[in-house]
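These notes concern the structure reproduced below.
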Amino acid sequence: MMNHYRYVRWMFLALGLTAVIGLTVMNVYSLYALHDNKVQSSVEKQKRQLLEYTNQVRSRFRYPVRSLWQLDMQELQAALTSPSTMSHDLLLIIDDASRDSLFSDIYMSTPDCTPCERFGDPVWQYRKDIGSFEQTTNYSRIVSDGLAITRTRMNALVQDYRWNTRVIFDAHNSMTVTLINSDSREVVAYLLFVIDQDYLVNSYMATKLADTFGMGDETGIIVWLHDWTKNEVLATTAPDVPYSYQNVDFIQNFPDLLNNWNLKATFTANPDTAASKASLNRNLFVLGVAMLLLLGAFIFMFFTAQRERSLAQRQALFLANVTHELKTPLAVISAAGENLSDGRVTDPGRLKSYGSHIFNESQRLRAMIDRLLDVARFSSNGIPIRKVRTSLVPFVNDYLNRKSSYLKSYDVNLRVDADEPVPEIDVDPSDLQSVLDNLIDNAVKYSPDEKFVGISIRSNGNFVDLSIKDRGAGIPKEYQPYIFEKFFRVEDALTAQTRGHGLGLSIVQDLVKRNDGTISVTSTAGKGSVFTIRFRQSDKVTEEQTTYTADTKYSKEQEPEHVS
Ligand code: ADP
């Protein structure tokens, strides 16, 4: 049933995670779509602005002569036979246009247009000073070219043309307005306006480019006014950015005019799209971090759940073990007690044996209870620490003296090896004693054949190392990371046959840590292990210690030698 719940829990968690990932992906997708839309609409707007710009340039040309179509062309046709009777209305319009800096000169030609064919034939030139047209033969090629182009096109057009004016440009050189008698479909006159290119480019178009699109490369667009016949940039909104055809995203031609020129544009990030991009990136970053955290939490939960499960398993095993081990000595004690209380045992030898059974088993019980209490106390961090300045060599010697009967009972081959002098350390003596108890117990317990315990005390920079070495079973590499965990026991035959609950090393680690030390292990399966604890030396160095090396073989018959 429990298993069932666990699967359901994981299933819901996985579903939740999938939903969150799905939502995140959707979110990212819609953010991208939004950003694309923004960029797209900004580009569309800029394209419309480019077209609008060309229309405005066109209307700038038309503006000074916009009233020409209102003239009575029949009247004008009659009047033009003699320039002295030139229409007053026409002269007013021409005079207006002549004051516009866009045009440097204004010429007129009759429909026969002799200057179209013969350069130098007289043409009428408007004179601002006298306010009327005067014949001249002194004019530039631009005039005859513009007239010739217009006449050729009008010859083809005029029969089908229904309006009374027609504007035709000769590139950026001149604009010619043909006046037409739309009833008779005849050309009345040609009015040619010579364009002042310097004014057009520098004073009008460049200024207007800056006004419309802004200057610099951070406005979202760079526009070049380009003469494609000469591959020459006439004006630009970003003088620092060199023109290159590879950068051009869009080309806008001028409708019906300035046909050697066009506008070329590159779309760059503008503040709007840049802000949208920044917000997209911010969102992506936050989502990425959130996803990582989520995944991290998921993995963490998975592993902690695994750990908890194995801890629970080990605890259950521990409980079974403890119960078993508590029951065994209790059974022996109660059987012995029962026999004694019956008064059936009178033989002094047997009485002694019962007594020692009861004593030994109660000792075992006590040791076991002490250990359990230790665990309980350390896990609640309840015991205050009392650090004392300690000289390790005499401390270990004293300790080994006290431990001698134990070592003797196991026939231990002991070797102690110490540096001279060894700096003092600050530790709680009872903690250090428990550490040594546990490590030496293990060295003896897990050495099935030769019971060797090597203790070395070494000064190591600012630290002092205390190592306990054995030549026992060793710990396979794969188990080494876990041996300091509570309730962990190596899964092998020797450990299974050896009494223990997987608590000793966890207690040792807690004790070492609370004394600001560290513990490490090196071990080779089949060869033995070395546990090294390291403490920071205290400030003062004791001088009186001497190098100490001794081998002591404990045998069950012989009293242990004192080590000093
Ligand atoms: P236990 O009560 O089982 O001895 P410990 O915490 O002291 O618990 O040790 C954990 C496990 O580490 C032991 O079960 C044993 O398998 C392994 N171990 C500890 N010390 C040694 C050692 N000196 N040699 C080989 N294995 C050891």
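These figures come from a predicted structure and were not determined experimentally. Note that ligands are numbered from 1 as they come in the structure, with each ligand's atoms numbered from 1 the same way. These numbers come from the heavy atoms of this one structure, side chains and all, not from hydrogens, waters or symmetry mates.
Considering CG of Leu209 and OG1 of Thr237, their distance stands at 7.0 Å, rounded to 0.5 Å.
Note on ring orientation: taking the six-membered ring where Trp is involved, the planes of Trp224 and Tyr243 are perpendicular (angle over 60°, cut-offs 30° and 60°). Under the 30°/60° scheme for interplanar angles, the aromatic rings of Phe531 and Phe484 are found to stand perpendicular.
Heavy atoms from both the backbone and the side chain of Leu505 come within less than 4.0 Å of ligand 1. Contacts with ligand 1 closer than 4.0 Å are made by heavy atoms of both the backbone and the side chain of Arg489. At a heavy-atom cutoff of 4.0 Å, ligand 1 is contacted by the side chain of Ser529 but not by its backbone. At a heavy-atom distance under 4.0 Å, no atom of Arg499 approaches ligand 1. For Phe488, every heavy-atom contact with ligand 1 shorter than 4.0 Å involves the backbone, none the side chain.
Each of the following atoms of ligand 1 lies closer than 4.0 Å to a heavy atom of Leu503: 6 (O), 8 (O). Shown in contact with Gly504 at under 4.0 Å from a heavy atom are these atoms of ligand 1, numbered in order with element: 5 (P), 6 (O), 7 (O), 8 (O). Close contacts between ligand 1 and Val490 involve ligand atoms 14 (O), 16 (O), 17 (C) [criterion: under 4.0 Å to a heavy atom]. Near Lys445, meaning under 4.0 Å from one of its heavy atoms, ligand 1 places the atoms 1 (P), 2 (O), 4 (O).
Nearest residue to atom 20 (N) of ligand 1 from Asn438, Asn442, Asp470 is Asn442 (criterion: closest heavy atom).
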Ile251 and Leu263: side chain to side chain contact (heavy atoms under 4.5 Å, CB included), yes or no, with the steps? CA-CA 6 Å; Ile251 298 179; Leu263 295 177; over 6 Å; no
Please lay out, stage by stage, how Arg458 and Asp465 fare under the test salt bridge (Lys or Arg N to Asp or Glu O under 4.0 Å). CA-CA 5 Å; Arg458 300 252 172 265; Asp465 287 351; over 6 Å; no
Assess the residue pair Asp431 and Asn515 against the criterion (side chain to side chain donor-acceptor pair (under 3.5 Å)); give the C-alpha distance rounded to whole Å, side-chain angles, the decisive distance to 0.1 Å, and a yes or no. CA-CA 8 Å; Asp431 286 357; Asn515 281 276; 2.9 Å; yes
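Considering backbone and side-chain N/O of Gly500, none are found under 3.5 Å from N/O of ligand 1. The distance criterion of under 3.5 Å between nitrogen or oxygen atoms is not met by Ser506 with respect to ligand 1.
The heavy-atom pair separating Ile519 from Val512 by the smallest distance is N-CG1, 4.1 Å.
Using 4.0 Å as the threshold, Gly474 has a heavy atom nearer than that to some atom of ligand 1. Close to ligand 1: Gly502, with a non-hydrogen atom less than 4.0 angstrom away.
Every residue two or more places apart in sequence or in another chain that forms a salt bridge (charged side-chain N to carboxylate O under 4.0 Å, His left out) with Asp426 is listed here: Arg389. By the salt bridge (charged side-chain N to carboxylate O under 4.0 Å, His left out) test, Lys387 pairs with Asp516, sequence neighbours left out.
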